[in-house]
Amino acid sequence: WSERVLVITDDYEIKGFVFMPKTGRKSRLLSDILNSSKRFVAIKNCKLKHRNSANRVTEAHDFIQLNLDSIVLIRPALQEE
């Protein structure tokens with residue numbers, strides 16, 4: 001299953017899907033991924049909006065890898081976002 005997320009970095013607002021790998025229990029929580037030993041999180045079907053330049057075009061990407069150190073805020077996104 002996937003979790004729709006909103007990610008804020010210093011330069012971007014990113015909306016996309018983090019895929020939650022199944023483990024012994026039904027699924028992992030977003031916090032489990034963020035607290036793992038991996039330093040990157042994969043985000044699929046995402047849109048990147050430049051925060052510091054309002055006239056820049058929103059970029060769409062099938063897949064990005066985001067370094068966890070660049071994340072200022074991450075949370076589940078609402079459907080209407």
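Using a 4.5 Å cut-off on side-chain heavy atoms (C-beta onward), R39 and D69 make contact. Side-chain contact between I14 and I64 is present, with heavy atoms from C-beta onward closer than 4.5 Å. A 4.5 Å side-chain heavy-atom check between V72 and D10 finds at least one atom pair inside the cut-off. Within the 4.5 Å cutoff, the side chain of L66 has heavy atoms near those of the T9 side chain.
Remark: N35 pairs with no residue by the side chain to side chain donor-acceptor pair (under 3.5 Å) rule, at least two apart or across chains. Legend: residues meeting side-chain contact (heavy atoms from CB on, under 4.5 Å) with K47, ordered by chain and number and at least two apart, are T58.
When only modelled atom types and interatomic distance are considered, E13 and H50 share no side-chain donor-acceptor pair under 3.5 Å.
Taking NZ from K44 and CZ from F63, the interatomic distance works out to 6.5 Å, rounded to the nearest 0.5 Å. Here I43 contributes atom CD1 and E3 contributes atom CD; the two are 12.0 Å apart, rounded to the nearest 0.5 Å.
A salt bridge does not link R51 with D11: every distance from a Lys NZ or Arg NE/NH1/NH2 to an Asp or Glu carboxylate oxygen is 4.0 Å or more.
There is no path of hydrophobic side-chain contacts, each under 4.5 Å, that joins F40 to I74.
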Pair V41-Q65, side-chain contact (heavy atoms from CB on, under 4.5 Å): steps then yes or no: CA-CA 6 Å; V41 60; Q65 286 270 40; 5.8 Å; no
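Surrounding CG of N67 are more than 12 heavy atoms belonging to other residues, nucleotides or ligands, all under 6.0 Å away.
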